[in-house]
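All of these numbers come straight from a predicted model, not from anything done at the bench.
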2 protein chains.
Amino acid sequence: MPETAHPTADGPQITASHRELLDQVLDKWSLQVLDALCERPSRFNELRRAIPAVTQKSLTATLRRLERNGMVERVIVSSRPLAVEYRITPLGTTLQDLIDALLRWTTVTMPDVERARARFDDQEA
Amino acid sequence: MPETAHPTADGPQITASHRELLDQVLDKWSLQVLDALCERPSRFNELRRAIPAVTQKSLTATLRRLERNGMVERVIVSSRPLAVEYRITPLGTTLQDLIDALLRWTTVTMPDVERARARFDDQEA
DNA sequence: CGGTATCCCCTTTGATACTG
DNA sequence: CAGTATCAAAGGGGATACCG
């Protein structure tokens with residue numbers, strides 16, 4: 001047993017590489033990009049319009065990272081004037097299922113969370 | 001229908017408040033704190049020892065945030081010398097189930113991810 | 001023991017300009 | 001259209017010191 005293991009762990013360990021992967025695919029922009037690409041394949045500027053708050057730079061970085069991790073595919077459709085289409089991969093859809101589960105969790109628990117926040121903030125003041 | 005809705009959305013929407021909640025409970029330290037507290041209730045310095053890389057400041061901030069969101073409970077056990085125990089709440093355990101699902105996903109897909117990364121990094125060079 | 005307060009750094013983020 | 005390059009701004013995180 002590795003020295004970092006929990007004596008009675010019943011779930012998978014949190015390793016650095018697992019955390020890194022989650023960081024790279026569950027961040028603010030990745031969630032929205034994956035969501036948009038699950039709807040339909042999209043071009044770069046289509047994604048910008050679908051996610052108004054994202055900057056070029058952040059969108060590029062997000063797409064490259066998702067592509068590197070095998071979550072999205074970059075397809076050059078034509079070379080004149082230059083069209084690039086991004087699509088979700090089968091691997092990406094397995095992540096989307098988890099993201100949906102997370103969003104359902106936030107929806108379900110948000111009332112409890114807001115009560116907890118109100119209680120916490122009250123006894124602060 | 002809100003203007004930000006997906007025309008054919010089949011999952012929950014990503015709203016700012018939902019994203020904010022996920023940011024506050026799925027970050028690097030929160031995962032490890034929740035994991036540790038699922039094992040057993042722990043004192044502050046116990047947690048520091050369980051998670052060697054975390055600083056006082058980050059651990060305090062993480063615990064306060066999780067407490068505010070109703071995921072952990074702060075219990076003052078005695079006032080001499082001063083003992084504080086942190087415990088996971090029922091709401092926190094519902095999150096732990098999802099974290100376990102995420103970690104299982106990373107375990108299962110990591111081989112595919114690593115192949116994708118190798119392919120991507122190769123065609124870079 | 002269980003924190004808070006302060007300073008500082010350093011990475012991410014954003015704005016802007018330019019390119020194939 | 002689909003980016004890259006550069007610089008400025010901001011915020012999180014760490015080190016250190018101090019308090020109840």
Side-chain angles (χ1 to χ4, degrees), chain A residues 14 16 19-33 36-37 40-69 72-88 120-121 123-125, chain B residues 16 19-33 36-37 40-69 72-88 120 123-125:
Chain A
I14 302 181
R19 258 237 54 82
E20 184 206 30
L21 176 56
L22 291 179
D23 279 342
Q24 293 195 10
V25 299
L26 287 185
D27 64 286
K28 179 178 178 183
W29 300 127
S30 292
L31 292 198
Q32 300 181 61
V33 166
L37 293 184
R40 68 188 102 64
S42 302
R43 309 262 298 265
F44 187 84
N45 283 335
E46 257 184 292
L47 286 171
R48 289 191 70 185
R49 284 188 291 274
I51 312 166
V54 76
T55 62
Q56 276 181 333
K57 188 178 170 180
S58 298
L59 182 55
T60 302
T62 299
L63 287 168
R64 288 290 170 282
R65 197 166 48 234
L66 289 176
E67 187 193 358
R68 188 173 110 90
N69 286 300
V72 308
E73 190 186 3
R74 186 174 181 270
V75 185
I76 295 171
V77 175
S78 95
S79 293
R80 290 295 300 156
L82 176 59
V84 177
E85 192 171 87
Y86 292 93
R87 309 174 183 214
I88 197 150
F120 186 93
D121 295 347
Q123 72 192 36
E124 288 267 278
Chain B
R19 257 237 55 83
E20 184 206 31
L21 176 56
L22 291 179
D23 279 342
Q24 294 194 8
V25 299
L26 287 185
D27 63 287
K28 179 178 178 181
W29 300 126
S30 292
L31 292 198
Q32 300 182 61
V33 167
L37 294 183
R40 69 188 101 66
S42 302
R43 307 264 299 266
F44 187 83
N45 283 335
E46 257 185 293
L47 286 172
R48 288 191 72 184
R49 284 187 291 274
I51 311 168
V54 76
T55 63
Q56 275 182 334
K57 186 179 173 182
S58 298
L59 182 55
T60 302
T62 299
L63 286 167
R64 288 290 170 282
R65 198 168 45 235
L66 289 176
E67 186 192 0
R68 189 173 108 90
N69 286 301
V72 309
E73 191 186 3
R74 185 174 183 271
V75 186
I76 295 171
V77 174
S78 95
S79 291
R80 287 299 297 156
L82 175 59
V84 177
E85 191 170 87
Y86 292 93
R87 309 173 183 215
I88 197 152
F120 186 92
Q123 72 191 33
E124 289 266 280

Task: CG on A:L59 to CD on A:Q32, rounded to 0.5 Å - done: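 Nearest 0.5 Å value for the CD-CG distance: 10.5 Å.
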
- [ ] Measure the OG-CZ distance between B:S42 and B:R48 for me, rounded to the nearest 0.5 Å.
- [x] 14.5 Å

Open item on the list: Using modelled atom types and a 3.5 Å cut-off, is there a donor and acceptor pairing between side-chain atoms of B:S30 and backbone atoms of B:K28?
Closed with: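 No; judged by distance alone, with no hydrogens or angles, the pair does not exist.
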
- [ ] Output yes when a side-chain donor or acceptor of B:S58 lies under 3.5 Å from a complementary backbone atom of B:Q56, and no otherwise.
- [x] no

TODO: Could you list the residues that satisfy side chain to side chain contact (heavy atoms under 4.5 Å, CB included) with B:D23, not counting sequence neighbours?
DONE: B:R19

- [ ] Name all residues meeting the side chain to side chain contact (heavy atoms under 4.5 Å, CB included) criterion together with A:E73; count only those two or more places apart in sequence or in a different chain, and write none if there are none.
- [x] A:V75, A:R87, A:T89

Task: C:dC1 phosphate, OP1 or OP2, under 4.0 Å from B:R43 side-chain N/O - done: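 For C:dC1, neither OP1 nor OP2 has a side-chain N or O of B:R43 closer than 4.0 Å.
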
Open item on the list: Does any part of the side chain of B:V54, heavy atoms only, come nearer than 4.5 Å to the side chain of B:L47, both counted from C-beta?
Closed with: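 With C-beta onward as the side chain, the pair stays apart.
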
TODO: Answer yes or no: is there a side-chain heavy-atom contact under 4.5 Å between B:T60 and B:F44?
DONE: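 In contact.
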
Task: A:W29 to A:I51 - nearest heavy-atom pair and separation - done: CZ3-CG2, 3.8 Å

- [ ] Using a 4.0 Å cut-off on protein heavy atoms (strictly under), produce a 5'-to-3' string for nucleotides 9-20 of chain C with B for base contact, S for backbone-only sugar-phosphate contact, and - for none.
- [x] ----BBB-B--B

TODO: Mind calculating the distance between CZ (B:R64) and P (C:dG2) to the nearest angstrom?
DONE: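 Computing the B:R64:CZ to C:dG2:P distance gives 12 Å.
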
- [ ] Figure out the CZ/P separation between B:R48 and C:dC1, and round it to whole Å.
- [x] 10 Å

Task: salt bridge (charged side-chain N to carboxylate O under 4.0 Å, His left out) contacts touching residues 54-68 of chain A (sequence neighbours left out) - done: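 Salt bridge (charged side-chain N to carboxylate O under 4.0 Å, His left out) check on residues 54-68 of chain A returns A:D27-A:R65, A:R68-B:D121.
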
- [ ] Identify, between B:T60 and B:R49, the residue whose nearest nucleotide on DNA chain C lies closer to the 5' end.
- [x] B:R49

TODO: With axes from five pairs an end, tell me the bend angle of the helix from C:dC1-D:dG20 to C:dG20-D:dC1, nearest 10°.
DONE: 50°

Task: Contact interval (first through last nucleotide) of DNA chain D with protein chain B, 4.0 Å heavy-atom - done: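 Listing 5' to 3', DNA chain D meets chain B from D:dG13 to D:dG20.
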
